[in-house]
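Reminder, nothing fancy here: chain letters follow the sequence lines and each chain counts from 1.
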Amino acid sequence: MSSYSIKDLEGFTGIKAHTLRIWEKRYHVLKPQRTSTNIRTYDDEDLKHILNISILNRHGYRISDIIKLSEKEICEKVMQLSQRCADTHSQIENLLMAMIEMDEEIFHESFNQSVFKSGFEDTFRYLIFPFLERVGLLWQSGSITPAQEHFVSNLIRQKLIVAIDSIISPRKPDALHFVLFLPEGEWHEIGLLFTHYLIKKWGHYTLYFGTNLPIETIQPVLEK
DNA sequence: TTTTGTGCTGTGGCAATACA
DNA sequence: TGTATTGCCACAGCACAAAA
């Protein structure tokens, strides 16, 4: 069970800490635990609840109406919204939810919905990369655990690897050769994999060496 | 149709306190 | 010691209903 500060919730939901406190006071939206010095701490259930509320609120639901709904009704309305009006912000929040809950099904559903609607490339440009930027900020602030970050990164890697593997574009007559790698100490390969996908799709040759490659090992490859 | 009053909501600012 | 968090009050903007 993770523990979050009010600032963490602000980062996840985009709702200002000030507003969260007012919601708590006026509407009893959340009942966070308190430290011995009265600082609020929130758990995963609180975070899920406030993420759902923030989605409804952003879609025009008044906070005073939202609090009259049961947890089940809130979830149903969020599901309806995500099916009917899958805007990028909501999709990013769905992915955040999938990451926090480590729920593969939510991830696949959101991802596939976006691919169906916008295509694979635009899903990465307008959903996955903005999502990863958000993850980066949450990572820096310590709001998410390494396990959560790795969980979602690996799901994204899988999607890219499958997509790369399934490309059957014919090689161009003037196809170029690309050597793809990340230098020593660099492990985050999602951008590199997406580049691999694009280059292969455009009909060029690729040699993919992955992450953390000592630079001196590349020279023989280039000569060969 | 326009004006007015009321309630709802989010935000700014402040002082006190906790934390790193 | 600087920053973050708390609780509180005040206020502006907006929506909506009632009255003129």
Side-chain angles (χ1 to χ4, degrees), chain A residues 1-103 106 110 113-114 117 126-153 185-188:
Chain A
M1 180 73 76
S2 305
S3 177
Y4 308 97
S5 69
I6 195 164
K7 209 70 193 168
D8 294 334
L9 260 68
E10 180 178 320
F12 276 117
T13 63
I15 297 168
K16 293 195 170 167
H18 203 137
T19 303
L20 290 170
R21 282 195 289 271
I22 289 294
W23 283 6
E24 181 189 321
K25 187 186 167 196
R26 291 179 183 164
Y27 313 108
H28 309 104
V29 163
L30 293 170
K31 288 173 187 150
Q33 302 290 310
R34 302 274 184 153
T35 64
S36 57
T37 54
N38 208 31
I39 303 293
R40 292 172 174 83
T41 62
Y42 301 87
D43 59 25
D44 289 329
E45 287 304 309
D46 292 329
L47 178 56
K48 252 172 66 183
H49 186 57
I50 201 68
L51 270 172
N52 283 333
I53 287 175
S54 74
I55 290 171
L56 293 185
N57 187 245
R58 200 172 19 264
H59 282 85
Y61 285 81
R62 292 151 62 103
I63 185 65
S64 54
D65 293 328
I66 296 170
I67 54 152
K68 291 172 192 161
L69 301 173
S70 68
E71 188 62 41
K72 193 180 166 206
E73 287 170 323
I74 289 173
C75 288
E76 281 170 5
K77 285 194 182 295
V78 169
M79 288 300 286
Q80 283 168 12
L81 277 173
S82 63
Q83 282 163 10
R84 194 174 65 214
C85 161
D87 66 279
T88 305
H89 205 99
S90 299
Q91 286 177 309
I92 288 174
E93 267 166 0
N94 283 337
L95 292 180
L96 284 172
M97 184 89 82
M99 178 181 71
I100 293 157
E101 288 289 294
M102 297 202 225
D103 188 323
I106 297 178
S110 301
Q113 204 175 61
S114 176
K117 192 178 157 209
Y126 304 116
L127 177 64
I128 297 298
F129 287 131
F131 164 69
L132 288 172
E133 264 181 47
R134 191 95 171 263
V135 170
L137 290 173
L138 293 168
W139 168 263
Q140 280 177 2
S141 69
S143 302
I144 56 172
T145 65
Q148 287 167 325
E149 194 267 340
H150 283 231
F151 168 77
V152 81
S153 298
E186 184 56 66
W187 296 92
H188 294 91

Participant: Specify the separation, in whole Å, of atom CZ of R21(A) and atom P of dC9(C).
Facilitator: 15 Å
Participant: Rounded to whole Å, how long is the line connecting atom CD1 of I6(A) with atom C1' of dC19(B)?
Facilitator: 16 Å
Participant: What closest approach, in Å, do F131(A) and M99(A) show between heavy atoms, and which atom pair accounts for it?
Facilitator: CZ-SD, 4.4 Å
Participant: Kindly give the heavy-atom pair with the smallest separation between Q148(A) and I100(A), and that separation in Å.
Facilitator: NE2-O, 3.3 Å
Participant: Within the pair R40(A) and dT5(C), is there a side-chain N or O less than 4.0 Å away from OP1 or OP2?
Facilitator: no
Participant: Does E24(A) have any side chain to side chain donor-acceptor pair (under 3.5 Å) partners at least two apart in sequence or in another chain, and if so, which?
Facilitator: R34(A), R40(A)
Participant: Rounded to whole Å, how long is the line connecting atom CG of L20(A) with atom P of dG7(C)?
Facilitator: 13 Å
Participant: Got a sec, which residues hit side chain to side chain contact (heavy atoms under 4.5 Å, CB included) with Y126(A), two or more places apart in sequence or on another chain?
Facilitator: D122(A)
Participant: Where is the tightest heavy-atom contact between I53(A) and W23(A), given as atom of each residue plus distance?
Facilitator: CG2-CZ3, 3.7 Å
Participant: How would you summarise protein contacts on nucleotides 9-16 of chain B per nucleotide, using B for base, S for sugar-phosphate only and - for none, with heavy-atom distances below 4.0 Å?
Facilitator: BBBBB---
Participant: List for me each residue that meets side chain to side chain donor-acceptor pair (under 3.5 Å) alongside S114(A), sequence neighbours excluded, and say none if there are none.
Facilitator: T123(A)
